[in-house]
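Data first, discussion second: the structure below is written as structure tokens.
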Amino acid sequence: MFLFSTPPDNLSIQEFQKNESIDVEVVQLISTEILPYANFIPKEFVGQIMTMLNKGSIHSQSSSFTEAEIDIRMREEFSKVCFETLLQFSFSNKVTTPQEGYISRMALSVLLKRSQDVLHRYIEDERLSGKCPLPRQQVTEIIFVLKAVSTLIDSLKKTQPENVDSSTWAQVIALYPTLVECITCSSSEVCSALKEALVPFKDFMHPPAAEVQNGES
């Protein structure tokens with residue numbers, strides 16, 4: 001097992017898949033048996049878990065793989081389950097204790113930072129690639145992130161504003177300019193997911209408050 005680390009180059013495809021399935025099970029165990037009881041877990045330990053999930057959500061591959069093997073050996077399932085776990089705990093409407101609130105805010109902050117990083121990397125890589133399409137796994141990754149952003153914003157809109165701290169709102173709003181930069185992307189799938197992520201931002205747009213002068217607005 002090579003949980004949250006780059007797999008050795010000398011693994012066979014069968015060994016890789018076996019190790020990845022174990023890693024996926026470990027993350028699922030964290031999701032079902034540890035994080036739901038975060039109220040009884042030291043903050044430092046939960047912070048380490050969030051850091052590992054963030055690292056695990058990053059696709060990784062060995063440079064020694066042949067082109068035909070890359071898609072097979074990409075840790076897509078592992079990356080996806082890590083990201084889904086972050087999303088699961090990034091926002092909860094059932095927060096009842098300060099510790100649970102802390103876990104929720106921590107996961108949300110990690111998720112938003114991860115999303116920002118994925119978006120920036122995609123924009124830069126597509127700019128450098130010219131007319132060459134980006135690897136399928138990178139396109140899959142940004143589509144997943146865009147859908148997560150859309151889901152996250154929908155969840156935030158259903159919550160009382162006072163239950164979301166200002167730093168979280170700042171991170172969410174900071175995503176908007178980056179999302180706009182993606183509008184020139186060539187992938188129709190990415191454009192479709194991007195549209196879904198941009199539309200919810202309309203609820204954050206309000207006219208400026210009128211200044212009151214001499215008792216009149």
Side-chain angles (χ1 to χ4, degrees), residues 4-7 20 23-24 27 50-91 106-156 167-205:
F4 307 110
S5 63
T6 302
E20 179 172 7
D23 286 353
V24 168
V27 176
M50 294 300 170
T51 299
M52 289 190 296
L53 289 173
N54 181 44
K55 184 177 180 180
S57 68
I58 302 172
H59 284 313
S60 60
Q61 67 186 57
S62 170
S63 58
S64 67
F65 295 163
T66 65
E67 184 176 353
E69 292 175 318
I70 288 178
D71 282 349
I72 298 175
R73 304 184 73 162
M74 279 297 300
R75 306 190 72 190
E76 291 185 359
E77 182 61 28
F78 176 66
S79 298
K80 182 178 180 182
V81 74
C82 285
F83 200 95
E84 286 178 337
T85 301
L86 285 174
L87 180 59
Q88 177 185 352
F89 290 94
S90 66
F91 198 80
M106 184 191 302
L108 178 55
S109 179
V110 171
L111 179 67
L112 288 169
K113 176 63 168 59
R114 175 75 189 112
S115 299
Q116 188 75 268
D117 291 344
V118 170
L119 291 168
H120 276 304
R121 188 177 66 180
Y122 183 88
I123 293 167
E124 184 63 21
D125 287 353
E126 187 169 69
R127 183 180 296 119
L128 294 174
S129 69
K131 295 183 179 180
C132 297
L134 293 179
R136 180 186 63 81
Q137 61 268 15
Q138 189 169 3
V139 173
T140 300
E141 180 183 39
I142 191 171
I143 290 174
F144 188 76
V145 165
L146 288 170
K147 289 182 177 180
V149 169
S150 180
T151 299
L152 194 59
I153 293 176
D154 284 340
S155 296
L156 286 170
S167 63
T168 295
W169 289 121
Q171 280 185 284
V172 172
I173 294 172
L175 279 176
Y176 185 78
T178 309
L179 290 170
V180 172
E181 284 192 65
C182 292
I183 61 175
T184 57
C185 64
S186 57
S187 168
S188 59
E189 292 179 287
V190 173
C191 287
S192 178
L194 177 61
K195 181 179 179 180
E196 292 181 19
L198 282 171
V199 169
F201 275 90
K202 70 180 185 301
D203 295 315
F204 297 139
M205 299 178 182

Residues L134 and V139: closest non-hydrogen pair is O-CG2, 4.2 Å
Validation row: [X], [Y] side chains within 4.5 angstrom (heavy atoms):
X	Y	value
L53	V110	no
V81	D23	no
L146	L179	yes

Does any pair with a residue in residues 112-139 pass ring-ring contact (aromatic ring centres under 6.0 Å, His included), and if so which ones, sequence neighbours excluded? none
Residue pairs meeting side chain to side chain donor-acceptor pair (under 3.5 Å), one or both in residues 170-187, sequence neighbours left out, come to S109-Q171, Q116-T178, E126-S186
From CG (L112) to CD1 (I173), nearest 0.5 Å: 11.0 Å
Name all residues meeting the side-chain contact (heavy atoms from CB on, under 4.5 Å) criterion together with D203; count only those two or more places apart in sequence or in a different chain, and write none if there are none. K157
Would you mind checking if E124 and R121 are paired as a salt bridge, meaning a charged N to carboxylate O distance below 4.0 Å? no
Taking side chain to side chain donor-acceptor pair (under 3.5 Å) as the definition, give me every residue that meets it alongside S150, ordered by chain and number, with sequence neighbours left out. none
Under the salt bridge (Lys or Arg N to Asp or Glu O under 4.0 Å) test, residues paired with D117 that sit two or more places apart: K113
Show me the donor-acceptor pairs, under 3.5 Å and distance only, between side chains in residues 188-200 and residues at least two apart or in other chains.
none

